[in-house]
Amino acid sequence: RIQLKLSGEGLAAPDGFGIGDEALRRVAAEVKDVHDLGVQVALTIGGGNILRGGTFASESHIPEATAHYMGMLATVMNALALQETLEMLGVDTRVMSSIAIASVCEPFVRRRCISHLEKHRVVILAAGTGRPFVTTDTAAALSAAEIGADALLKATQVDGVYSADPKKVPDAEFYHQLSYDRVINERLKVMDLSAVDMCQRNHIPIVVFNLHKPGNMKRIIQGEAVGTVIQ
């Protein structure tokens, strides 16, 4: 059983905004490949391709709490689009939201989520934790702990964790293995430190990998050395 964390940018159209059909199909195909191995997949999705609450609040008169709720609703839009794409590929999928939206998806209930996974359905978890000021990274770590995931896989735009942003610092050092403590103590930009701490306390390894390299997700499940492992 894995918990996958996917940013909204992973579903973005070529201009970086909105939902791109090609990106949807590519991500869904990667998830299907893992699902077909018999792995139970829960997927927490972000909404940055549509709206980032903190950024929107800083650029407008909208209170930050309200802006965060708007960002959570963006994740529901992404989740519904990915659900339809997965089901087009023949993968039974359920969307569960931390904000109740009864007309389009189920509320998150831990036992029901685990039941879906055991019935070999992909579960897409939307709306973060349902509360403002908490990122989807933390929501993913919380979910991984709740459902007893064997690993948290964080899909990113680069190959894993570096000592600095490799897009800005070409000679940045790449880390194949890291400890939780090093990530926390050195403030390495992997995911929110609260998410790393939660995984450490629940003994859930984190694998940070490049979403844009086809087959990466499947290779991780099959035990190949891909990306950065934090444990």
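Atom set for the values below is all heavy atoms of this structure, side chains included, hydrogens, waters and symmetry mates excluded.
Applying side chain to side chain contact (heavy atoms under 4.5 Å, CB included) to M217 and the options V41, V27, V34, D33 leaves one that passes, V34.
For the pair I2 and I221, the minimum side-chain heavy-atom distance is below 4.5 Å. Using a 4.5 Å heavy-atom cutoff, the side chains of R1 and E118 are in contact. Taking 4.5 Å as the limit, every side-chain heavy atom of Y180 sits out of range of all side-chain heavy atoms of D197. Between H212 and R26 the shortest side-chain heavy-atom distance falls below 4.5 Å. Side chains of L73 and I101 form a contact here, defined as non-hydrogen atoms less than 4.5 Å apart. Side chains of D171 and V169 form a contact here, defined as non-hydrogen atoms less than 4.5 Å apart. Side chains of R112 and R94 form no contact here, defined as non-hydrogen atoms less than 4.5 Å apart. Taking 4.5 Å as the limit, some side-chain heavy atom of Y69 sits within range of a side-chain heavy atom of I99.
A salt bridge links K213 and D159; the closest N-O separation between the charged side-chain nitrogens and carboxylate oxygens is under 4.0 Å. Salt bridge present: D137 and K154 bring a charged side-chain N and a carboxylate O closer than 4.0 Å. Using a cutoff of 4.0 Å between basic side-chain nitrogens and carboxylate oxygens, R52 and E9 are scored as salt-bridged.
If you take CG on D192 and OG1 on T136, they are separated by 8.0 Å, rounding to the nearest 0.5 Å.
E30 and N216 form no side-chain donor-acceptor contact under 3.5 Å, judged by distance and modelled atom types alone.
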Throw together a table of side-chain donor-acceptor distances under 3.5 angstrom for residues 42-51, partners on residues two or more places apart or in other chains.
| unit_1 | atom_1 | unit_2 | atom_2 | d |
| --- | --- | --- | --- | --- |
| T44 | OG1 | Q3 | NE2 | 2.7 |
| N49 | OD1 | N78 | ND2 | 2.7 |
| N49 | ND2 | G18 | O | 3.0 |
| N49 | ND2 | N78 | OD1 | 3.1 |

